Amino acid sequence: MNLSQFDYRLPPELIAQTPVEPRHASRLMVVNRADGQISHRQFTDLPGYLQRGDVLALNDSRVIPARLYAVKATGGKMELLLLKRLAAQTWEALVGGKRLRPGTRFTISGSTLSGQISEALDGARRIVCFDEPLSARLDDVGHVPLPPYIHTPLANPERY
């Protein structure tokens, strides 16, 4: 299987910038496996397509506000995208900015939360250590990372 098999053209005007209200009015694309025909329905039509023995997998995961904007002790700006929590105060993150070496101190913009880069990994990945546990403050200081094709700010991050 090649990754290119998943390439397709999606016109920008067809990319939803905000979630539909009410949520159950979401669109549903149905592909007929027998003949490849595609039809467009609404999510409320889903029960009509399920048959005895079918398995329905539900994903109730949430995107955490893992994008943090920060200022280095030197005054330079930086951005962190949290990838994985390693300990209460330690995270693996992608970082953006200049000269982000181990020992670089930073403060999260608009807060008193601070930390430092403790280790450089490959590419833009770093291990960052915060001066206090981050999880309790993440909703206050973090931003939901949106894909580059979403241009409208989130009115309600719980909907993403």
Side-chain angles (χ1 to χ4, degrees), residues 1-29 31 43 46 50 54-160:
M1 180 181 294
N2 292 322
L3 192 58
S4 63
Q5 290 178 288
F6 296 99
D7 290 343
Y8 58 92
R9 184 186 170 291
L10 180 58
E13 64 272 11
L14 296 181
I15 300 172
Q17 294 296 307
T18 57
V20 69
E21 289 291 346
R23 190 172 208 148
H24 64 268
S26 297
R27 295 184 297 181
L28 177 69
M29 183 176 81
V31 179
F43 185 76
L46 180 63
L50 298 176
D54 284 350
V55 175
L56 182 62
L58 301 177
N59 177 355
D60 65 352
S61 62
R62 293 277 180 218
V63 177
I64 65 168
R67 177 166 280 145
L68 304 171
Y69 299 102
V71 179
K72 298 187 296 185
T74 60
K77 293 181 180 181
M78 65 182 278
E79 182 178 330
L80 299 99
L81 179 61
L82 303 175
L83 299 176
K84 181 173 27 172
R85 183 174 162 257
L86 303 175
Q89 294 174 223
T90 307
W91 290 73
E92 179 182 333
L94 286 177
V95 298
K98 295 181 180 177
R99 293 178 286 285
L100 300 174
R101 300 180 190 99
T104 301
R105 300 266 327 148
F106 59 85
T107 301
I108 302 302
S109 299
S111 78
T112 58
L113 183 61
S114 58
Q116 77 173 14
I117 296 174
S118 64
E119 184 181 341
L121 303 174
D122 62 310
R125 292 185 318 124
R126 302 287 187 274
I127 302 297
V128 294
C129 295
F130 294 91
D131 296 337
E132 61 186 83
L134 180 61
S135 296
R137 302 203 39 205
L138 202 50
D139 286 334
D140 297 327
V141 298
H143 303 270
V144 174
L146 296 174
Y149 50 84
I150 301 290
H151 307 288
T152 304
L154 291 178
N156 180 1
E158 285 294 314
R159 291 291 316 273
Y160 187 70

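What you are looking at is a predicted structure, and each value in this text was computed from that prediction instead of being measured.
By the ring-ring contact (aromatic ring centres under 6.0 Å, His included) test, Tyr69 pairs with His143, sequence neighbours left out. Residues satisfying the side chain to side chain contact (heavy atoms under 4.5 Å, CB included) test with Pro147, not counting sequence neighbours, are Tyr149, Ile150, Tyr160. For Glu119, there are no salt bridge (charged side-chain N to carboxylate O under 4.0 Å, His left out) partners at least two apart in sequence or on another chain.
Here the side chains of Leu81 and Val95 are not in contact, with every heavy-atom distance at 4.5 Å or above. Contact check for Leu86 versus Trp91: no side-chain heavy atoms found under the 4.5 Å cut-off. Residues Asp60 and Leu58 have side chains not in contact (no heavy-atom distance under 4.5 Å, counting atoms from C-beta outward). Proximity of Leu80 to Phe106: side-chain heavy atoms (C-beta onward) are separated by under 4.5 Å at one or more points. For the pair Asp140 and Ser111, the minimum side-chain heavy-atom distance is 4.5 Å or more. For the pair Val128/Thr90, no side-chain contact is recorded, criterion being any heavy-atom separation below 4.5 Å from C-beta on. Counting only heavy atoms from C-beta outward, the side chains of Gln89 and Pro133 approach each other to under 4.5 Å. Thr152 has its side chain out of reach of Leu146: every pair of non-hydrogen atoms, C-beta onward, lies at least 4.5 Å apart.
A distance of 12.5 Å separates CZ of Arg99 from CD1 of Ile117, quoted to the nearest 0.5 Å. Atom-to-atom distance recorded for Asp139:CG and Ile64:CD1 is 9.0 Å, nearest 0.5 angstrom.
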Inset, instruction - Test side chain to side chain contact (heavy atoms under 4.5 Å, CB included) on Leu134 and Leu68 and set out the steps. - result: CA-CA 11 Å; Leu134 180 61; Leu68 304 171; 4.2 Å; yes

Inset, instruction - Could you go through the side chain to side chain contact (heavy atoms under 4.5 Å, CB included) check for Leu28 and Leu46 one step at a time? - result: CA-CA 8 Å; Leu28 177 69; Leu46 180 63; 4.3 Å; yes

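Among residues at least two apart or in separate chains, side-chain hydrogen bond (donor to acceptor under 3.5 Å, both in side chains) pairs with a member in residues 125-137 are Glu92-Arg125, Arg105-Asp131, Ser114-Asp131, Asp122-Arg125, Glu132-Arg137. Sorted by first then second residue, the salt bridge (charged side-chain N to carboxylate O under 4.0 Å, His left out) pairs that include residues 62-76, not counting sequence neighbours, are Arg62-Glu158, Arg67-Glu79. Among residues at least two apart or in separate chains, side-chain hydrogen bond (donor to acceptor under 3.5 Å, both in side chains) pairs with a member in residues 14-27 are Glu21-Arg159.
For the 3.5 Å distance criterion, the side chains of Ser61 and Asn59 qualify, holding a donor opposite an acceptor.
Heavy atoms only, all atoms of each residue included: Pro102 and Ser118 are closest at CB-O, 3.8 Å. Scanning all heavy atoms of the two residues, the minimum distance from Ala88 to Arg85 falls at CA-NH2, 3.7 Å.
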